[in-house]
Amino acid sequence: MTTMTTTSAEQASAPVTEDALRRVLLVGERPSRPGPVRTSLTFGWRALLKIKHLPEQLVDVTMFPIMFTLMFTYLFGGALAGSTQDYLQFLVPGILVQANVMITMNTGITLNTDIQKGVFDRFRSLPVWRPSPLVGALLGDLVRYSIGSAVVIGLGLVLGFRPEGGAAGVVLSVALLLVFSFCLSWLWTMLGLILSTPNSVAGVSMMVMFPLTFVSNIFVDPKTMPGWMQAVIDVNPITHLVNVVRGLMHGSVPAGEIGWVLVSSVLLVAVFGPLTMARYRNKK
């Protein structure tokens, strides 16, 4: 017993060599560093798990589109188009656009909430591709946009909406809408990094989105409006997006409008992507 105690004491007091540490720490082959795609998908899965544990996050992608569709169809449809069924053919593509672009604001609010909790300080310390937490959050939001699109289209079909462009037109219009929504989310991501509280992010986002969505062709034909307002609506990016979605769903292919939407999407990422990353790197 004395011998064993003496041996243990000698081992404990013996200096720890570098080779001994390497043998303990490098038992197996060190795993390779994960790539940008893998880390972004991991953070995207985190965003989906948050929806799983907080399903109330889906209220804005389910209840609000349903409320707007029902209210405008049955309160104003007869006055604006002569019948609710005729107005429904005009309204559903517009509501689809409004639902998705309004949902994008949640990206900045969620990001700012994570910042306030200190979560993003941990993310920035990880040995991963630096934009992964941001890109992953945006990828997770694409699922929310898809759910919102399915809700609006499903409700429209139940009420009597019949897209003349068929399934292909609906799928293509939703795909372009998701691309634009993803790119627009970079604006709110930048605001989430700049502003100090989630409430301030929500307030500023609403100040931007309400004029963009209501001063557009979502609910009514701009031809009924004053000339100066028509000029404003013509340069509104939401108007061009609605033209694309409405055209594809009803069987026409507005090539010029599609090009306009794609160019504006690229510009959104080109402008706000670098600004977001610069702010993300310097965030204290």
Side-chain angles (χ1 to χ4, degrees), residues 60-61 65 68-69 89-108 134-135 138-153 156 161 163-191 205 208-223 225 229-276:
D60 58 344
V61 304
F68 271 101
T69 302
Q89 313 310 312
F90 179 86
L91 177 67
V92 170
I95 287 291
L96 179 64
V97 171
Q98 187 203 35
N100 276 273
V101 297
M102 294 291 283
I103 294 168
T104 60
M105 298 186 300
N106 185 71
T107 301
L134 301 177
V135 175
L138 296 178
L139 291 176
D141 281 340
L142 282 177
V143 177
R144 300 177 72 250
Y145 307 152
S146 301
I147 294 173
S149 299
V151 169
V152 173
I153 295 172
F161 174 66
E164 299 174 8
V170 172
V171 171
L172 183 56
S173 63
V174 171
L176 286 172
L177 180 55
L178 293 181
V179 170
F180 183 86
S181 299
F182 176 85
C183 298
L184 179 62
S185 297
W186 284 97
L187 168 60
W188 315 128
T189 301
M190 184 188 70
L191 290 179
S205 301
V208 175
M209 286 310 304
F210 258 82
L212 282 176
T213 53
F214 281 92
V215 186
S216 69
N217 60 345
I218 288 178
F219 300 105
V220 295
D221 191 335
K223 295 178 181 179
M225 302 178 187
M229 185 169 287
Q230 292 185 37
V232 173
I233 291 174
D234 287 341
V235 298
N236 186 346
I238 302 300
T239 297
H240 295 277
L241 181 60
V242 173
N243 287 337
V244 169
V245 174
R246 193 170 279 148
L248 290 172
M249 284 192 169
H250 290 304
S252 63
V253 182
E257 297 283 6
I258 292 175
W260 200 100
V261 170
L262 292 176
V263 169
S264 60
S265 299
V266 172
L267 288 176
L268 284 169
V269 177
V271 172
F272 295 110
L275 291 176
T276 298

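Keep in mind that what you see is a predicted model, and the values were worked out from it rather than measured. We use all heavy atoms of the structure for the numbers below, so side chains are in, but hydrogens, waters and symmetry mates are not.
Residues Leu268 and Ser264 form no side-chain contact, since every pair of their non-hydrogen atoms from C-beta on lies 4.5 Å or further apart. Between Phe272 and Thr189 the shortest side-chain heavy-atom distance does not fall below 4.5 Å. In this structure, Val92 and Ile95 have side chains that are not in contact, with every pair of non-hydrogen atoms separated by 4.5 Å or more.
Evaluated for a side chain to side chain contact (heavy atoms under 4.5 Å, CB included) with Phe180, the options Leu176, Leu178, Leu184 yield exactly one hit, Leu184. Of the candidates Val242, Leu241, Asn243, Asn243 is the only one forming a side chain to side chain contact (heavy atoms under 4.5 Å, CB included) with Thr239.
Side-chain atoms of Ser252 come within 3.5 Å of backbone N or O of Gly247 as a donor-acceptor pair. One N or O on the side chain of Asn100 and one on the backbone of Leu96 form a donor-acceptor pair closer than 3.5 Å. A distance-only check finds a donor-acceptor pair linking the side chain of Asn236 to the backbone of Leu212 [under 3.5 Å]. Distance alone, capped at 3.5 Å, places no donor-acceptor pair between the Gln98 side chain and the Ile218 backbone.
In this pair, Phe182 and Trp186 present their aromatic rings perpendicular. The plane angle is above 60°, beyond the 30 to 60° band.
Between Leu248 and Ile258, the shortest heavy-atom distance links the atoms CD2-CD1, 4.4 Å. Taking every heavy atom of both residues into account, Val152 and Pro65 meet most closely at CG2-CB, 3.5 Å.
Checking Asp141 against Ser185 by side-chain atom types alone, no donor-acceptor pair falls below 3.5 Å. Thr104 and Trp188 share a side-chain donor-acceptor pair at under 3.5 Å.
For residues 235-258, the pairs satisfying ring pair (Phe, Tyr, Trp, His ring centres under 6.0 Å) are Phe161-His250, His240-Trp260, with sequence neighbours left out.
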